[in-house]
Structure formats: structure tokens, C-alpha cells
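Take a look at the structure set out below.
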Amino acid sequence: MNVHDIRRQFPILDQEVNGKPLVYLDSSATSQKPIQVIETVEKYYKEINSNVHRGVHTLGTRATDAYEGAREKVRKFINAKSTQEVIFTRGTTTALNTVAASYAAANLNAGDEIVITYMEHHSNIIPWQQVARRTGAVLKYIPLQEDGTISLDDVQATVTANTRVVSVMQVSNVLGVINPVKEIARIAHENGAIMVVDGAQSAPHMKIDVQDLDCDFLAFSGHKMCAPTGIGVLYGKKHLLEKMEPIEFGGEMIDFVHLQESTWKELPWKFEAGTPIIAGAIGLGAAIDFLNEIGLDNIAQHEHKLAAYALEKMSSVPGMAIYGPLDAAKRAGLVTFNISDVHPHDVATVLDAEGIAVRAGHHCAQPLMKWLKASATARASFYLYNTEDDIDKLVEGLVKTKEYFSDVF
Ligand code: 7TS
């Protein structure tokens, strides 16, 4: 399928915004949804909507089959050994909070260390700060090299025999760097720590094999990979999940409830209290089918080309500061930047008038912004439906922005 055929599957892209054809360059915030996913969710509500795991009636069985079928699609997608290792959550944030509040809160003591990096999203910082506060553990940061990448020497120097948890994003939502999480997992394990991978920006864009990475936990969000909002995944190794206590309690997750105590269902359901996100999970299953049909390797290659093209074209705009490595080989499909002294919100506003959607702000990574010595930045992020033409329009928009503000000042 070429990119123009792919674009045709995303109805939202076929519209004008502010009188100009929409150029959507904010897929790192959330991706657009293909018609297959929209129709799957619509069909679920039109034909089989029912609660799962309870009814004997036919619709209930169909809904349960579709929901559990989606879990099997996720299992295959990340090559987990068993569907017992695949827990549906609200997204990456909930998944990371579950690991912190359940695994880490129970296993960490004063003086133990949690190791993360300066580039983490707030969702992979604050849950660990909270655990550290509660347990007396210490939160340590792997430093970044000048170009924003991580060196394994720095990982070796930061992770010690006291480290219990290492948690790192596979792809940065700001710098675009791809972190060597497989090698970091090896270092974590050599030191007796577990490895948590924040896959929010990698799962949509590259093949992930949890057995090959040998990570203990992986978190990702459906809405960044063509699925609806409100659904995400926590993968965890079975032997760890089995020993963990749920963090939410109520219907669906119990085996027996007595007056003073209760027992939990087996994995994965003990972590899915309440009526689950049924339509979301089924939508995620459809998104996985869609991505598989195109091929994760083809998607990664396409975005890699776009990133290289964007880096080259954007670098030619006078006053452009690009964050992260300039070597496209070290990057995924996004470019974060500032132009001269123009505030990124002004950049985003001028671009919006041209129909171009980019994100401006701190991108939920304030420690990284501090490290970059920038209060805010603008970001263009690409996905399988973006083209070189989108980047040409972005660059034209950036030149316009620069001219507009040089007239003003
Ligand atoms: N981790 C990373 C690396 C992310 O990029 C994000 C969201 C999250 C965690 C949280 O995901 P959620 O689905 O639970 O919200 N990142 C962004 C972004 O870059 N712009 O908007 C959201």
C-alpha cells in the first residue's frame, strides 16, 4: 500500500482547516484513526454491545470473544508468551502507575534505587517520585549526552546493586531518540533490577518483541497507534504479575468475596476491575490488524525517511534550532524545534492558520526542557499517513512564521 492509499483510509485527513488542506503533524500526541477502526467500533455498538465475562446470552458471548480476541492480537503484536501477560489499561499512564503502585510500592525499601532518565515523560517520572516518597527509595537519573542520547557507560555508572527498578522510554516524544532498551534491560538484570519500558512512542512505530527485549514490563497507549482513546496495555512477565496485588478492586476482578476478605481472579483479569474498556480493546485489535497489514517495518522505514527529509529541509530555515541528534539514523519520526526568539505557541498559531497542526509546549517533559534550557518548544511528529509534501508545507509555514515575526520585531 503506498502512502496515498493509506491516507485515503483516514477520513479525517480529507478536510480543510482554516481554508487550507489539513496537514496533521501531531501524531505523537494522538494518531488519527483509519476507517477500519472506526467501523469496527461502530459495528460493535450496532451489533454486539454487551458486558463481558458474565452473560450466558449470545451477545455477551460475542462481546467476550471479541474482547478476548483483541487481547490475543496484542499478545502476538508484542510477542508475549501468554495472554495472561496482557492487561488492558486506560493507557500508558495507567500502566506505569500500576507497576509503580503495585510492584514497586511492595518491593522497595529505604535506600533502594529507582533509575530513570532526564528525557522521561511525566508519566514515567511522577509515579516513581510517589513510590520513592512512600518507601524511602531514591530516584536517580541517567544523564544525557550532548546530543540527547544515552550512553551505556552512563547507564552502567548509574545502575548499582541497590537499583531495584530501571524505567526508560524506548523513543523520546521530544528528542525523537531511540533508546537501547534491550541493552539497558541487560544491565538492569545484571544488577538484580527489573526493567520497565515506556513504549508509548515506540509501539505505534516499530516492531516490539518483549521476549527479545527481555523487559519485565512494557506500557503503551492505543490512541497513538490508530486505536480509540481510553485503551492501553500493560505487559508484564507472568511470574511478576502473579505476585503483584491489584491496585483497583471491585467487580470483574474477584474470585470469591467474603464478608471480611476476598480472593482475586487469575491473570490478567485480577488487574481489570469493573466493566472493562470493551469497545476500546476491540478497536485496538482492529488497529493492530491494520498496522500489521501495512507492516511495522514498512512504517518505521517510511517515518525514518520522513525524519531525515524533515531534518534536512528544516535545518535550511534561518534561525532554526533543532533538539536531539541531527543524525537521522539515531531518530524516530518527529522533530522538535524553535525558531529564533519566536515563542513556540506563536509558531503553532501561525502554522494553524495554514492548516498545519503541530504541538507547542513542554510536551509533559519539564525536566528535559530544563536540560535543553528551553521553556517550551514546537514539535512536528509524523506517522504512516504523512508525506514529504506535508513537510514541504511545514517548511513553507516556518519560513512564513519567521518572516512574519521579523516584520513585527
Ligand atoms: N510516555 C510517553 C513517552 C508519551 O509520549 C506519552 C504521551 C505518555 C507516556 C502518556 O501517554 P498517555 O496515553 O497515557 O497519555 N505523550 C504525549 C505527547 O508527546 N504529546 O501529547 C501526549
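Because the structure is predicted, anything quoted here is derived from the model rather than measured. For ligands, and for the atoms within them, numbers begin at 1 and follow the listed sequence. FYI, the numbering just counts along the sequence from 1.
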| Residue E248 excluded, over 12 heavy atoms near CD under 6.0 Å | no
Could you list the donor-acceptor pairs under 3.5 angstrom formed by side chains in residues 195-202, with sequence neighbours left out?
unit_1: D198; atom_1: OD1; unit_2: A200; atom_2: N; d: 2.9
unit_1: Q201; atom_1: NE2; unit_2: S28; atom_2: O; d: 3.0
unit_1: S202; atom_1: OG; unit_2: Q170; atom_2: OE1; d: 2.8
unit_1: S202; atom_1: OG; unit_2: G199; atom_2: O; d: 3.4

With the criterion set at N/O pairs under 3.5 Å, what does the list of contacts between the protein and ligand 1 look like, atom names and distances included?
unit_1: ligand 1; atom_1: 1 (N); unit_2: D198; atom_2: OD1; d: 3.3
unit_1: ligand 1; atom_1: 1 (N); unit_2: D198; atom_2: OD2; d: 2.6
unit_1: ligand 1; atom_1: 5 (O); unit_2: Q201; atom_2: NE2; d: 2.7
unit_1: ligand 1; atom_1: 13 (O); unit_2: S221; atom_2: OG; d: 2.7
unit_1: ligand 1; atom_1: 13 (O); unit_2: H223; atom_2: NE2; d: 2.7
unit_1: ligand 1; atom_1: 14 (O); unit_2: T92; atom_2: N; d: 3.4
unit_1: ligand 1; atom_1: 14 (O); unit_2: T93; atom_2: N; d: 2.9
unit_1: ligand 1; atom_1: 14 (O); unit_2: T93; atom_2: OG1; d: 2.5
unit_1: ligand 1; atom_1: 16 (N); unit_2: H121; atom_2: NE2; d: 3.4
unit_1: ligand 1; atom_1: 16 (N); unit_2: K224; atom_2: NZ; d: 3.0
unit_1: ligand 1; atom_1: 19 (O); unit_2: N173; atom_2: ND2; d: 2.9
unit_1: ligand 1; atom_1: 19 (O); unit_2: R379; atom_2: NH1; d: 2.7
unit_1: ligand 1; atom_1: 19 (O); unit_2: R379; atom_2: NH2; d: 3.4
unit_1: ligand 1; atom_1: 20 (N); unit_2: R359; atom_2: NH1; d: 2.6
unit_1: ligand 1; atom_1: 20 (N); unit_2: R379; atom_2: NH2; d: 3.2
unit_1: ligand 1; atom_1: 21 (O); unit_2: R359; atom_2: NH1; d: 2.9

| said: With a 3.5 Å distance limit and no angle check, can you tell me whether N179 reaches the backbone of M169 through a side-chain donor-acceptor pair? | reply: yes
| task | Determine which pairs satisfy ring pair (Phe, Tyr, Trp, His ring centres under 6.0 Å) with at least one residue from residues 149-194, sequence neighbours left out, and list them in order. | result | none
| query | If you look only at pairs with a residue in residues 317-356, which of them pass as a ring pair (Phe, Tyr, Trp, His ring centres under 6.0 Å), with sequence neighbours excluded? | reply | H343-H345
| said: Keeping S31 on the side-chain end and S27 on the backbone end, is there a donor-acceptor pair under 3.5 Å? | reply: no
